[in-house]
2 protein chains.
Amino acid sequence: MCQLLGMNCNVPTDICFSFEGFAARGGKTDDHRDGWGIAFFEGKGCRLFLDAKPSIASPIADLVRCFPIHTKHAIAHIRKATQGEISLENCHPFRREMWGKYWVFAHNGDLRDFHPQDLEFYQPVGNTDSEKAFCLILDKLRASFPHSKPPIEKFYLVLSEITSFIAEKGTFNYLLSDGEHFFAHCSTKLSYIVRQAPFAAAHLIDEDLTVDFNELTTPSDRVAIIATTPLTDNEVWTTIQPGELLAFQDGLPMSYR
Amino acid sequence: MCQLLGMNCNVPTDICFSFEGFAARGGKTDDHRDGWGIAFFEGKGCRLFLDAKPSIASPIADLVRCFPIHTKHAIAHIRKATQGEISLENCHPFRREMWGKYWVFAHNGDLRDFHPQDLEFYQPVGNTDSEKAFCLILDKLRASFPHSKPPIEKFYLVLSEITSFIAEKGTFNYLLSDGEHFFAHCSTKLSYIVRQAPFAAAHLIDEDLTVDFNELTTPSDRVAIIATTPLTDNEVWTTIQPGELLAFQDGLPMSYR
């Protein structure tokens, strides 16, 4: 299995604090040593850092920890391989272009006997169940809406259908974003917290590190952090229910079901 | 205009020495300050580092300079904007997936009145002429070979045709790779050098730095470096002729015309 970390905000924010705790799980406080990755949207652009090394031993992870990249949408992943060897092409997040936008996807779980046929537009490069699922999601969305991204309610409906179909094959927790909307699907385990005024101090579970967000924010800031398991031990995280697909916007979870 | 740097080798090699001189042109020895990027293939996987900052002021460029990533195919670019604002989505190289492989593209030049219509599979995310050209190249290749990559001779023929068509619109020097083949097209300015045994010392033009490749290589190594203008002042670089499309393999230039 793997672990997911996502961030969705109403103003560009750096993910350094959360990534510090999350990256520790890549070989220090947990055993997700088989690669890691993080994607940051900056407007329509998207940065993607990937490494098949454990996140605690990766110079690229050091850069991400120390160099604050401000973004409204970030998706990170640390891998413990279940399907597919340990290699760069099997590191999440995966990225494709659809409708002139970049789409980024990371998965936690395991899909058994999952071999989607007749993928028309998108083919996996590696050999994980996760990348196959991502390609199938995009293929179905593109077949449903050939030319451009539809209104969010229509998009959500088709995404829910494909998600339910794939979730029947196994464990399918995922994060998906195009830099405009941010989707989080819980199959077995996914939590989130929304930080907004009045801000307080937060203390990491995986590192002895406290940040007082009151000193770093303005009163109108709102930041949602989504993670496989809570990253802090002095805040109340909300458990996403199995089968629930949330669409985060400006740091708030929405459901269009 | 922009500058291109490419590397194609028969064994995984780091690009640190060449990138050192090349990155200096991003604001120190030349004025290509409007962003930069570099892509490295590792097997089927591909790392892409992009930054809208000048390469001489980018912490990510520092990482690339100091952290040797070994690859058989690398493409780098420093940008001086002609079309499209200075932003992450307009930084080269661009990347797309086709036939289950990543394709990476960087362009030096300027295409005027270039607005390809009816792009079926690939849409630009940013607003450069370069990304439009990349999308058109992939679209035509995919329309010609819907299911998988054809033999190199057939591929080269179609790529030549699209390239000639686009080159009529302006200056179109480019580098393109899928981690298996490496293509370099010269429209106005592009040079290469093949380093192989007996190896000697090379001295950068843009930095006072010398590397003795004899100490770093084995006798069977072969490395082609392709760049807009030569990077060293004590080696003989070959000028690629305008209109020439070379396909590098294992550090050797081939033409299938």
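We name chains A, B, ... by the order of the sequence lines, and we start the count at 1 in each one. These values consider heavy atoms only, across backbone and side chains, with no hydrogens, waters or symmetry-generated copies.
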Audit row: B:Trp103, B:Ser177, side-chain hydrogen bond (donor to acceptor under 3.5 Å, both in side chains) steps and yes/no: CA-CA 6 Å; B:Trp103 291 82; B:Ser177 178; over 6 Å; no

Intermediate values then yes/no, side chain to side chain contact (heavy atoms under 4.5 Å, CB included), A:Glu153 and A:Leu157: CA-CA 6 Å; A:Glu153 294 79 7; A:Leu157 193 66; over 6 Å; no

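There is a side-chain donor-acceptor pair under 3.5 Å between B:Asn108 and B:Asn173. Residues A:Glu89 and A:Asn127 bring no donor and acceptor atom of their side chains to less than 3.5 Å of each other.
Chain B forms more heavy-atom pairs under 4.5 Å with one residue of A:Arg142, A:Glu131, A:Glu97 than with any other, namely A:Glu97. With respect to chain A, the highest number of heavy-atom pairs below 4.5 Å among B:Gln123, B:Glu42, B:Lys101, B:Met98 belongs to B:Gln123. Ranking B:Tyr102, B:Trp99, B:Phe49 against chain A, the residue ahead of the rest is B:Tyr102, based on heavy-atom pairs under 4.5 Å. Among B:Cys46, B:Gly126, B:Gly43, the residue making the largest number of heavy-atom pairs under 4.5 Å with chain A is B:Cys46.
Contact of A:Lys44 with chain B is made through backbone and side chain together, with heavy-atom distances under 4.5 Å. With a threshold of 4.5 angstrom between heavy atoms, A:Leu63 approaches chain B through side-chain atoms but not through N, CA, C or O. Both the backbone and the side chain of B:Arg95 come within less than 4.5 Å of a heavy atom in chain A. With a threshold of 4.5 angstrom between heavy atoms, B:Phe67 approaches chain A through side-chain atoms but not through N, CA, C or O. When heavy atoms are compared at a cutoff of 4.5 Å, A:Pro59 approaches chain B by way of both its backbone and its side chain. Both the backbone and the side chain of A:Asp51 have a heavy atom closer than 4.5 Å to some heavy atom of chain B. Only the side chain of A:Arg96 comes within contact range of chain B, judged by heavy atoms closer than 4.5 Å.
For B:His107 and B:Tyr174, the ring centers are positioned 6.0 Å apart or more. A ring-centre distance under 6.0 Å is not found for A:Tyr122 and A:Phe94.
Note on ring orientation: taking the six-membered ring where Trp is involved, the planes of A:Phe134 and A:Phe105 are parallel (angle under 30°, cut-offs 30° and 60°).
Side chains of A:Ile60 and B:Arg47 form a contact here, defined as non-hydrogen atoms less than 4.5 Å apart.
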